[in-house]
*Asks:* 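Take a look at this one; I'll ask things after.
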There are 2 protein chains.
Amino acid sequence: MVRSSGTKRAILDAALELAATRGITGTTMDDVAERAGVAKGSLYYNFSSKDQLFEALLEEGVGALAENLRAARGTLVGWEAIEALVGALLDRIAANAALAKLMASEIFRTDRAWQKTLFALRHEALAVFAEAIEEAGAGAVAPDAAAPASGTSTIMAASVFGAVLMSGLEWLVFEPERSRDEVAAAILASLSGAFAPR
Amino acid sequence: MVRSSGTKRAILDAALELAATRGITGTTMDDVAERAGVAKGSLYYNFSSKDQLFEALLEEGVGALAENLRAARGTLVGWEAIEALVGALLDRIAANAALAKLMASEIFRTDRAWQKTLFALRHEALAVFAEAIEEAGAGAVAPDAAAPASGTSTIMAASVFGAVLMSGLEWLVFEPERSRDEVAAAILASLSGAFAPR
DNA sequence: GTCTATAATAAGATAGAC
DNA sequence: GTCTATCTTATTATAGAC
């Protein structure tokens with residue numbers, strides 16, 4: 001992924017760090033060049049435009065996330081698959097908080113040059129969750145409230161993904177003193193009916 | 001809440017609509033003026049700066065959300081409180097998708113002029129969920145996995161909030177053909193242990 | 001209170017030397 | 001491949017007329 005000339009890698013890393021706090025639109029090419037320790041001309045030698053630079057960044061990051069999730073799930077099924085996926089996603093968020101922030105802020109924008117690329121990757125990541133949810137037979141043991149309609153596994157996947165993403169960022173950004181296991185347990189508890197009637 | 005001269009209201013509405021798709025940084029004061037149907041001078045007559053305009057916008061929107069959640073919960077306790085809060089949040093997201101998108105993209109930024117204001121309001125909204133979760137006695141019936149440590153109710157609140165926010169936007173942005181009840185049921189199922197072992 | 005016109009600066013992108 | 005210097009346009013903000 002991105003056959004590193006070294007410079008390319010430095011540019012991508014700098015862009016990610018800056019965009020995590022300022023957002024993509026709020027990050028200037030001058031900022032990126034300075035942080036990467038190269039001249040602005042080198043940015044345009046390696047990437048044809050600002051849009052293309054950030055498309056490459058998101059493609060690399062979210063693509064790696066989807067692969068990582070698939071690997072984490074392995075051949076697990078049922079609740080074990082969910083546990084593995086939640087843990088793996090949380091770890092990815094912790095290992096790359098900058099990308100997580102960027103995803104949170106870009107995932108629902110529909111006006112970007114890289115919209116299609118991001119949509120496909122987002123869908124790929126969600127699909128890993130959706131498949132695990134379907135195989136876990138969600139709905140078979142639904143509570144007294146209405147059972148989820150068929151075909152809502154993507155919605156449920158978004159629900160689980162959103163739970164991990166928001167909790168993970170809440171942890172890293174606002175409550176960094178907590179332990180990873182504490183956070184993972186809290187998320188799994190919220191997803192396992194800890195406050196639902198039995 | 002913003003004693004409307006009419007113009008002020010039009011400016012805030014225009015700013016919200018534009019920022020929902022382009023983001024705040026990507027929204028220019030010229031854009032806002034044009035969409036609101038006023039001259040740019042009027043923007044600066046009513047708001048001292050772009051930052052102050054968006055701070056007012058977020059303060060109004062997120063503040064109203066917190067109030068709304070509190071009202072929706074009323075005196076309910078346990079799982080009924082959670083159900084009411086999930087439903088109310090989902091309805092607010094559907095009624096004001098633009099604000100929901102904006103929240104998703106701004107909530108974890110730590111470099112904004114309005115950071116403190118937004119943090120306080122975010123905390124207020126999460127607190128409504130956290131209180132309901134604490135009273136529902138989360139953890140008392142935790143699964144075989146580790147029980148959540150004490151004091152993690154804010155993390156669990158973030159988890160529930162994130163689940164609703166992400167599913168809600170997934171629904172509105174990418175799967176608008178679904179019904180509100182279908183989405184609500186899917187979220188509640190994912191939170192009630194539909195795929196967890198019993 | 002609202003408008004038009006304009007000042008001041010910031011930002012994406014390119015040219016051409018090394 | 002990388003750098004410096006520069007072009008061009010976009011953007012925040014203000015001044016002053018109505």
Side-chain angles (χ1 to χ4, degrees), chain A residues 1-60 102 105-106 109 111-115 117-118, chain B residues 1-59 102 105-106 109 111-115 117:
Chain A
M1 206 146 316
V2 180
R3 54 136 248 303
S4 281
S5 71
T7 296
K8 216 161 189 166
R9 185 73 268 147
I11 293 170
L12 287 167
D13 290 345
L16 177 57
E17 288 306 316
L18 289 169
T21 47
R22 306 175 190 187
I24 293 177
T25 314
T27 299
T28 72
M29 293 298 263
D30 282 280
D31 291 338
V32 175
E34 188 183 350
R35 173 114 180 199
V38 300
K40 192 155 59 154
S42 295
L43 264 55
Y44 286 92
Y45 177 81
N46 286 284
F47 301 94
S48 63
S49 68
K50 181 182 176 181
D51 277 351
Q52 200 256 311
L53 163 57
F54 281 100
E55 174 163 8
L57 185 59
L58 287 167
E59 194 164 353
E60 178 186 58
L102 209 54
S105 64
E106 287 294 323
R109 302 249 330 234
D111 67 325
R112 295 295 214 185
W114 53 74
Q115 195 189 334
T117 303
L118 186 57
Chain B
M1 201 154 318
V2 181
R3 55 136 248 301
S4 282
S5 70
T7 296
K8 216 161 189 165
R9 185 74 268 146
I11 293 170
L12 287 168
D13 290 345
L16 177 58
E17 287 307 317
L18 290 169
T21 46
R22 305 176 192 187
I24 292 178
T25 314
T27 299
T28 72
M29 294 298 262
D30 281 280
D31 291 339
V32 176
E34 187 183 350
R35 173 115 179 199
V38 300
K40 193 157 54 157
S42 295
L43 265 55
Y44 286 92
Y45 177 83
N46 286 283
F47 301 93
S48 63
S49 68
K50 182 182 175 181
D51 277 352
Q52 200 255 309
L53 163 56
F54 281 99
E55 174 163 9
L57 185 59
L58 287 168
E59 193 163 355
L102 210 53
S105 64
E106 288 293 324
R109 302 251 326 236
D111 67 324
R112 296 295 215 185
W114 53 75
Q115 195 188 334
T117 304

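Keep in mind that this is a model prediction, so the values were computed, not measured.
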*Asks:* Rounded to the nearest Å, what distance is computed from the CD1 atom of residue A:Ile11 to the P atom of nucleotide D:dG1?
*Replies:* 12 Å
*Asks:* What's the CD-C1' distance between B:Glu34 and C:dC3, to the nearest Å?
*Replies:* 15 Å
*Asks:* Using atom CG of B:Leu43 as one end and atom C1' of D:dA15 as the other, report the distance to the nearest whole Å.
*Replies:* 17 Å
*Asks:* Would you indicate which nucleotide in D:dT2, D:dC3, C:dT2 comes nearest to any side-chain atom of A:Val38?
*Replies:* D:dC3
*Asks:* For B:Thr25, which residues count as a side-chain hydrogen bond (donor to acceptor under 3.5 Å, both in side chains) partner, sequence neighbours excluded?
*Replies:* B:Arg112
*Asks:* Would you please name every residue forming a side chain to side chain contact (heavy atoms under 4.5 Å, CB included) with B:Asp13, sequence neighbours left out?
*Replies:* B:Arg9
*Asks:* Nearest whole Å is fine: how far is D:dG1 P from A:Tyr45 OH?
*Replies:* 4 Å
*Asks:* Which nucleotide sits closest to the side chain of B:Ala39: C:dC3, D:dG1, C:dT2?
*Replies:* C:dC3
*Asks:* Using a 4.0 Å heavy-atom cut-off, write out nucleotides 12-18 of chain C from 5' to 3' as B (base contacted by protein), S (sugar-phosphate only) or - (no contact).
*Replies:* BBB----
*Asks:* Apply side-chain hydrogen bond (donor to acceptor under 3.5 Å, both in side chains) to B:Thr117 and list each qualifying residue two or more places apart in sequence or on a separate chain.
*Replies:* B:Glu55
*Asks:* Separation of B:Asp31 atom CG from D:dT12 atom C1', in whole Å?
*Replies:* 12 Å
*Asks:* Please confirm whether the backbone N or O of A:Phe47 pairs with a side-chain atom of A:Lys8, one donor and one acceptor, at under 3.5 Å?
*Replies:* no
*Asks:* Under 4.0 Å between a side-chain N/O of A:Ser42 and OP1 or OP2 of D:dC3, yes or no?
*Replies:* yes
*Asks:* Kindly state each residue pair satisfying side chain to side chain donor-acceptor pair (under 3.5 Å) with at least one member in residues 29-38 of chain B, sequence neighbours excluded.
*Replies:* B:Arg22-B:Asp31, B:Thr28-B:Asp31, B:Asp30-B:Lys40
*Asks:* How long is the line joining CZ of A:Phe47 and P of D:dG1, in whole Å?
*Replies:* 13 Å
*Asks:* Output all residues satisfying side-chain hydrogen bond (donor to acceptor under 3.5 Å, both in side chains) with B:Glu59, sequence neighbours left out; order by chain, then residue number.
*Replies:* none
